[in-house]
Amino acid sequence: MPKNTNSKFSFALITSILLHVILIAVLSYSAWQSVSLSENNPQGESIDAIMIDTNIISEQYQRQLQHQLDSKQVKQQQQAQIEKQAQVLQQNQLAEQQRLKELEKQRLLAVEKQQQEQDAIANALAEKQKIQQDAEKARAQLEEQQKQALIAKQKADDEAKLRAEKERQDKQRIESERQKAEQEKQQALAEAEKAKQEAEKQKQILEQERLKVEKNKQEKLRIAQEAKQKAQEELQRQQAVNDLLGGLTSSVPKSQQGVSNGELDQFKSQIHNAISNKFINPKLYNGKNCVLKIQLASDGFLINVTAQEGDGALCREAISATKLAKFPKPKNDEIYQKVKNLTIDFSPK
């Protein structure tokens with residue numbers, strides 16, 4: 001585009017110069033023709049004038065002189081006209097040059113504007129290409145997002161189905177467990193009612209046994225008190241006899257004067273075995289002990305039992321076993337006096 005515009009301006013400048021040269025040549029040729037005619041024409045007329053009259057020749061001569069003067073004036077006029085035209089041509093050339101400068105300036109401005117337009121077009125094309133690329137990228141991203149959204153939706157649907165199926169199974173399981181729990185509850189209530197009735201029955205039996213044991217205990221206590229009273233009376237009687245005999249007991253053999261340690265240990269062992277025979281789950285209390293304080297009647301009946309120290313659970317079991325145990329009757333009153341208040345360090349066997 002700039003090259004084509006430059007060629008047009010160059011062509012216009014050359015055309016203008018050629019036209020001015022042609023105009024100057026035509027004007028010069030016209031002036032030259034006028035001079036040639038004026039120079040050739042007087043001779044012919046002179047020849048004709050000689051043939052006719054001297055006055056005519058004189059007139060001819062005068063005309064020729066006038067013509068020459070006129071030709072000179074014409075030449076001067078023509079020269080002045082040529083100079084004027086040359087001046088006009090120069091002015092026109094200057095004007096043309098100025099116009100061409102303006103045109104060149106306008107051309108340069110046009111070229112610059114065109115370059116700016118081309119740059120703008122190039123920028124617009126680049127921007128358009130960038131926009132298209134961005135649009136393509138956005139479209140690809142949108143398609144990827146739609147694809148991911150579709151995958152996520154499918155996954156969510158699958159998870160929802162799995163959740164719904166799990167909830168249905170959970171509901172079935174919960175309902176089944178509820179029904180089973182209800183059945184177990186009814187069964188437990190029935191068993192509890194049965195156990196309650198059995199416990200009530202056992203309670204009545206235990207109450208009867210307790211009353212019976214209490215009655216026996218009171219009876220044994222009465223018997224023990226009577227035996228104790230008799231023993232005291234017997235002791236008082238023996239004391240009185242000893243006092244009356246005045247030292248006769250010193251001649252009694254040593255083996256008959258009291259209870260030996262072997263006899264006491266043997267009786268304690270019998271008491272310990274009797275408690276162990278009634279003790280339940282002795283293996284649960286391996287390495288543990290309980291010190292029992294036992295009060296007996298003269299016939300071996302248990303009057304009372306308490307725990308002084310030791311493992312609490314073992315002591316409770318030991319007291320229960322002691323109350324159920326059957327103890328031997330002391331051989332004589334001397335042994336009874338030693339064991340009626342007996343301390344046993346009990347360990348289950």
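A salt bridge links Arg168 with Glu165: the distance from a Lys NZ or Arg NE/NH1/NH2 to an Asp or Glu carboxylate oxygen falls below 4.0 Å. Lys130 has no carboxylate O lying under 4.0 Å from a charged side-chain N of Glu127, or vice versa, which leaves the two without a salt bridge. Residues Asp170 and Arg173 are paired through a salt bridge, judged by an N-O separation under 4.0 Å between the basic side chain and the carboxylate. Note on Lys171 versus Glu167: no salt bridge recorded, every NZ/NE/NH1/NH2 to OD/OE distance being 4.0 Å or above. Salt-bridge check for Arg139 with Glu143: passed, with a basic side-chain N closer than 4.0 Å to an acidic carboxylate O.
For Lys84, the NZ atom counts as loosely surrounded, since its 6.0 Å shell holds 12 or fewer non-hydrogen atoms of other residues, nucleotides or ligands. Crowding of Leu109 atom CG: a count of heavy atoms from other residues, nucleotides or ligands under 6.0 Å exceeding 12.
Checked by atom type and distance alone, the side chain of Ser276 pairs as donor or acceptor with a backbone atom of His272 at under 3.5 Å. In this structure a side-chain-to-backbone donor-acceptor pair under 3.5 Å is missing from Ser176 to Gln172. The backbone N or O of Leu296 sits less than 3.5 Å from a side-chain atom of Tyr336, completing a donor-acceptor pair. With hydrogens and angles disregarded, no donor-acceptor distance shorter than 3.5 Å links the side chain of Asn281 to the backbone of Lys283.
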Open item on the list: Before you tell me yes or no, could you show the steps for Gln186 and Glu182 under side chain to side chain donor-acceptor pair (under 3.5 Å), namely the whole-Å CA-CA distance, both residues' side-chain angles and the distance that decides it to 0.1 Å?
Closed with: CA-CA 6 Å; Gln186 295 298 329; Glu182 185 66 24; 3.0 Å; yes
Task: Derivation and outcome, side chain to side chain donor-acceptor pair (under 3.5 Å), residues Gln183 and Gln179 - done: CA-CA 6 Å; Gln183 292 176 357; Gln179 293 177 357; 5.7 Å; no
Open item on the list: Working note: Leu189 + Glu193, criterion side chain to side chain contact (heavy atoms under 4.5 Å, CB included); need CA distance, chi angles, decisive distance, verdict.
Closed with: CA-CA 6 Å; Leu189 289 174; Glu193 184 64 24; over 6 Å; no
Open item on the list: Please determine whether salt bridge (charged side-chain N to carboxylate O under 4.0 Å, His left out) holds for the pair Lys101 and Glu104, giving the CA-CA distance in whole Å, both sets of side-chain angles, and the decisive distance to 0.1 Å.
Closed with: CA-CA 5 Å; Lys101 287 182 181 179; Glu104 182 64 17; over 6 Å; no
- [ ] Test side chain to side chain donor-acceptor pair (under 3.5 Å) on Gln148 and Glu144 and set out the steps.
- [x] CA-CA 6 Å; Gln148 294 298 328; Glu144 181 65 21; 2.8 Å; yes
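A single hydrophobic cluster is not seen to contain both Val291 and Val305; linkage of ILVMFWY side chains at heavy-atom distances under 4.5 Å, directly or through other members, places them apart. In terms of hydrophobic clustering, with Ile, Leu, Val, Met, Phe, Trp and Tyr side chains grouped at heavy-atom distances under 4.5 Å, Phe327 and Leu324 are assigned to different clusters. Val111 and Ile121 are members of different hydrophobic clusters when ILVMFWY side chains are connected at heavy-atom separations under 4.5 Å.
Here the options are Thr306, Thr343, Ile271, Ile275, the test is side-chain contact (heavy atoms from CB on, under 4.5 Å), and the partner is Leu292; only Ile275 passes.
Taking the six-membered ring for Trp and thresholds of 30 and 60 degrees, Phe279 and Tyr285 have ring planes more than 60 degrees apart, a perpendicular arrangement.
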